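The model shown is predicted, which means the values in this text are computed figures rather than measured ones.
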Amino acid sequence: MGEVAPGGATEGPERPGGEGRPRRGREEEADLWPIRKALTTASITAVAGLVVVMTSVLAVLGFPHLEHTKALPFSQLLDVLKLVLGTVAGVGALFALVMAYRRQRLAEVADDRDQQRALLDAQRGVLEQERALLEQRQAQEDRTRVFNERFGAASAQLGHDEPAVRLAGAYAMAGLADDWEQGRQTCIDVLCAFLRLPFTPDPGEAPAEGQEPAAHAMARAAYLAAREVRHTVIRIIGNHLNGHTDVSWRGHELDFTGAIFDGGDFHKAVFTGATVSFQRARFVGGTVDFGGAEFVDGLADFGGACFVGGMIRFTNIRFEGGTVDFRSAKFVGGTVDFRDTKFEGGTVDFVGTEFIGGTVDFVRAGFEGSTVGFTYSKFVGGTVSFQYSEFADGRVDFGRARFVDGAVDFGGAKFTGSTVGFAFSEFMGGTVDFRFVRFAGGMVTFGRSRFLDGAVDFGSAKFEGGTVDFIPAVFVGSTLNFEDATGRRPTGLPDGMADHLS
């Protein structure tokens with residue numbers, strides 16, 4: 001235990017409230033004497049002062065002679081006691097004053113020390129933050145350097161002559177895109193650019209005339225290897241859009257402008273909130289599968305794309321919001337399948353699109369609340385089927401479309417609350433079939449359309465509510481069949497045509 005100082009203070013190690021330092025150290029810091037020395041000095045000074053004062057008083061009084069008496073009266077005894085008590089009180093007051101001064105001084109020093117400590121802590125905190133930021137910046141620079149090195153290595157592999165190395169590069173670039181969020185779009189752009197690169201077409205299964213079989217075999221093997229790399233890149237991108245990977249690339253830009261697709265799998269991919277460009281892309285042979293995909297918001301641009309032969313599956317797709325643009329696209333031969341596709345809201349644009357030969361299938365497609373434009377489109381030969389499709393709300397416009405030869409089939413379709421326009425369209429040769437169609441609500445107009453040769457069949461159609469208008473269509477050498485049709489007679493039909501309708 002420490003010593004007990006006058007006034008009851010205990011010297012020794014300080015507690016948390018006492019700054020955690022020995023008393024002597026605090027006294028030196030406050031430029032104070034030790035307590036004993038201070039009190040002793042104060043006592044001596046007080047006694048000396050008292051002596052000086054008494055001597056001065058006695059000197060002024062001429063040092064009067066004091067009478068000596070053996071007996072001290074009671075009143076004088078009381079005066080002596082009062083003098084003693086006053087002296088003791090004065091000494092006590094002096095001690096109290098000294099102690100108060102010391103406490104005040106120690107408190108001031110403690111406050112200064114606390115402020116200095118707080119300032120040092122703040123400075124230390126700033127230094128630690130700066131150090132943390134520096135370390136974070138250094139770590140970020142290290143990561144970026146590593147990512148850049150990986151990017152360079154993957155790019156070099158993608159550009160290698162050997163297909164196996166290019167395959168490794170495709171997977172390396174995809175892995176880098178997964179790990180590097182800030183550079184993900186760049187990695188995706190590189191993979192898309194790889195698909196846009198020109199490549200040697202298929203030399204065929206048999207050698208060309210005059211070609212050495214060995215040379216043909218080498219060319220064929222090189223083509224197949226290159227196609228495998230391309231299809232792998234497409235599959236990698238598709239898997240990052242259909243939920244088959246831990247990291248999703250949905251919402252990122254995809255640029256396939258001018259690319260050639262001779263197959264590929266985008267099955268159940270989700271294209272959302274971004275621009276996906278297939279402008280002027282060529283789909284040649286093979287099977288390209290978009291089945292079950294979703295195009296939500298954003299822009300899916302197939303403008304000027306050419307679909308030649310092969311199979312293109314758009315089955316069970318959902319186009320919701322945004323814009324899907326097939327403007328000026330060409331569907332030549334082969335099969336393009338839009339069965340069970342839903343066009344919900346937004347805009348779907350087939351303006352100026354050409355459907356030449358082959359089969360284009362919109363069976364059971366739903367056009368609901370969207371604007372779908374087939375204006376200036378050409379349906380030449382082949383078969384285009386809208387069987388059992390439903391046109392509900394929204395607008396579908398076939399204005400100035402040309403139906404030449406071939407067959408366009410709306411059999412079993414439903415026109416409910418929508419506006420479907422065929423204004424200025426031309427029906428030339430071939431067959432346009434509206435059998436078993438149900439017109440219920442909305443408006444279907446054939447105004448200023450031209451029916452030249454061929455046949456347009458409304459057999460067993462139901463005209464229930466809404467408006468079906470042929471005013472002022474032109475019928476030259478064509479046949480319109482309304483046999484077994486029921487409901488209200490469309491306006492604008494020539495006399496003697498569909499007179500059995502009410």
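Side-chain N or O atoms of T341 include one that pairs as donor or acceptor with a backbone N or O of F314 at under 3.5 Å. Side chain of R220 to main chain of D202: no donor-acceptor pair is present (N/O by atom type, distance under 3.5 Å, no hydrogens or angles). For H216 (side chain) and A206 (main-chain N/O), a donor-acceptor pair under 3.5 Å exists by modelled atom type. The backbone N or O of L241 sits less than 3.5 Å from a side-chain atom of R250, completing a donor-acceptor pair. Between the R435 side chain and the D409 main chain, no donor and acceptor come within less than 3.5 Å of each other. Checked by atom type and distance alone, the side chain of H500 pairs as donor or acceptor with a backbone atom of A485 at under 3.5 Å. A donor-acceptor contact shorter than 3.5 Å is absent between the side chain of T232 and the backbone of A170. Side-chain N or O atoms of N239 include none that pairs as donor or acceptor with a backbone N or O of I236 at under 3.5 Å. Using modelled atom types, no side-chain atom of R364 and backbone atom of R339 make a donor-acceptor pair closer than 3.5 Å. With hydrogens and angles disregarded, no donor-acceptor distance shorter than 3.5 Å links the side chain of H160 to the backbone of R166.
Classified by interplanar angle (parallel below 30°, tilted 30° to 60°, perpendicular above 60°), the ring pair F338/F350 is perpendicular. In this pair, F266 and F256 present their aromatic rings perpendicular. The plane angle is above 60°, beyond the 30 to 60° band. Using bins of under 30°, 30° to 60° and over 60° for the plane-to-plane angle, the ring pair F410/F434 lands in the parallel bin. Relative orientation of the F278 and F290 rings is perpendicular, given thresholds of 30° and 60° on the angle between their planes. Between F295 and F271, the ring planes lie parallel to each other; the angle is under 30°, not in the 30° to 60° tilted range.
Annotation: side chain to side chain contact (heavy atoms under 4.5 Å, CB included) contacts of D189 (sequence neighbours excluded): Q185. For N148, the side chain to side chain contact (heavy atoms under 4.5 Å, CB included) partners two or more places apart in sequence, or in a different chain, are T144, W180.
A distance of 9.5 Å separates CD of E228 from CG of L224, quoted to the nearest 0.5 Å. Within the model, atoms NZ of K342 and CZ of F367 stand 10.0 Å from one another, a figure rounded to the nearest 0.5 Å. Going from atom CD of E390 over to atom CZ of R438 covers 9.0 Å, rounded to the nearest 0.5 Å. To the nearest 0.5 Å, atom CD of residue E253 and atom OG1 of residue T275 are 4.5 Å apart. Distance check, rounded to the nearest 0.5 Å: CE of M173 to CD of Q157 gives 9.0 Å. Within the model, atoms CZ of F343 and OG of S370 stand 7.5 Å from one another, a figure rounded to the nearest 0.5 Å.
Other residues, nucleotides and ligands place more than 12 heavy atoms under 6.0 Å from the CD atom of Q123. The number of heavy atoms from other shown groups lying within 6.0 Å of OH (Y376) does not exceed 12. Within a 6.0 Å radius of CG in D246, other residues, nucleotides and ligands contribute 12 heavy atoms or fewer. Atom OH of Y388 has 12 or fewer neighbouring heavy atoms from other residues, nucleotides or ligands inside a 6.0 Å radius.
Nearest approach of G251 to A274, heavy atoms of both residues: O-CB, 3.4 Å. The nearest pair of heavy atoms linking F386 to A413 is O-CB, 3.9 Å. Between V363 and S385, the shortest heavy-atom contact is CG2-OG, 3.4 Å. In plain terms, the two heavy atoms of S449 and F427 that are nearest each other are CB-CE1, 4.2 Å. Considering every non-hydrogen atom in both T257 and S277, the closest pair reads OG1-OG, 2.9 Å. Taking each heavy atom of C187 and A177 in turn, the nearest pair found is CB-CB, 3.6 Å.
Results of the side chain to side chain contact (heavy atoms under 4.5 Å, CB included) test with V420 over F439, F391, F446 single out F391 as the only residue that passes. Put simply, the residue from H231, R227, R282 that forms a side chain to side chain donor-acceptor pair (under 3.5 Å) with D262 is H231. The only option from D289, I234, T287, I237 that meets the side chain to side chain contact (heavy atoms under 4.5 Å, CB included) definition with D265 turns out to be D289.
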Original post:
Does the pair F398 and S377 meet the rule for a side chain to side chain contact (heavy atoms under 4.5 Å, CB included), with working shown?
Top reply: CA-CA 7 Å; F398 290 88; S377 294; over 6 Å; no
**OP:** Please assess K378 against I356 for the test side chain to side chain contact (heavy atoms under 4.5 Å, CB included), listing each intermediate value before the final yes or no.
**Re:** CA-CA 8 Å; K378 294 181 181 179; I356 302 174; 5.9 Å; no
Original post:
Does the side chain to side chain contact (heavy atoms under 4.5 Å, CB included) test come out yes or no for V437 and F458, once each step is laid out?
Top reply: CA-CA 7 Å; V437 169; F458 289 89; over 6 Å; no
**OP:** Walk me through it: do D142 and Q138 pass the test side-chain hydrogen bond (donor to acceptor under 3.5 Å, both in side chains)?
**Re:** CA-CA 6 Å; D142 292 342; Q138 184 63 43; 3.2 Å; yes
Subject >> Pair R402-E426, salt bridge (Lys or Arg N to Asp or Glu O under 4.0 Å): steps then yes or no >> reply: CA-CA 5 Å; R402 298 184 67 194; E426 292 185 5; 3.5 Å; yes
Original post:
Between I260 and R230, is a side chain to side chain contact (heavy atoms under 4.5 Å, CB included) present by the stated rule, with each step listed?
Top reply: CA-CA 10 Å; I260 298 177; R230 291 165 45 77; 4.2 Å; yes
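By the 4.5 Å heavy-atom criterion applied to side chains, R489 and F463 are not counted as neighbours. In this structure the side chain of P490 reaches within 4.5 angstrom of the side chain of L501, judged on heavy atoms. Residues T353 and F374 fail the side-chain proximity criterion, which asks for heavy atoms closer than 4.5 Å. Under the 4.5 Å side-chain criterion, counting only non-hydrogen atoms from C-beta, P207 is not in contact with E212. Looking at heavy atoms from C-beta onward, V408 lies out of side-chain contact with F355 at the 4.5 angstrom threshold. Between D340 and T315 the shortest side-chain heavy-atom distance does not fall below 4.5 Å. Inter-residue side-chain proximity for I188 and H240 is flagged as unmet; no heavy-atom pair is nearer than 4.5 Å. Considering only heavy atoms from C-beta on, T323 stays 4.5 Å or farther from D301 through its side chain.
For R400 and F424, the positive end sits near the middle of the six-membered ring, less than 6.0 Å away and at most 45° from its axis.
With 3.5 Å as the limit, one finds a donor-acceptor pair spanning the side chains of R143 and Q140.
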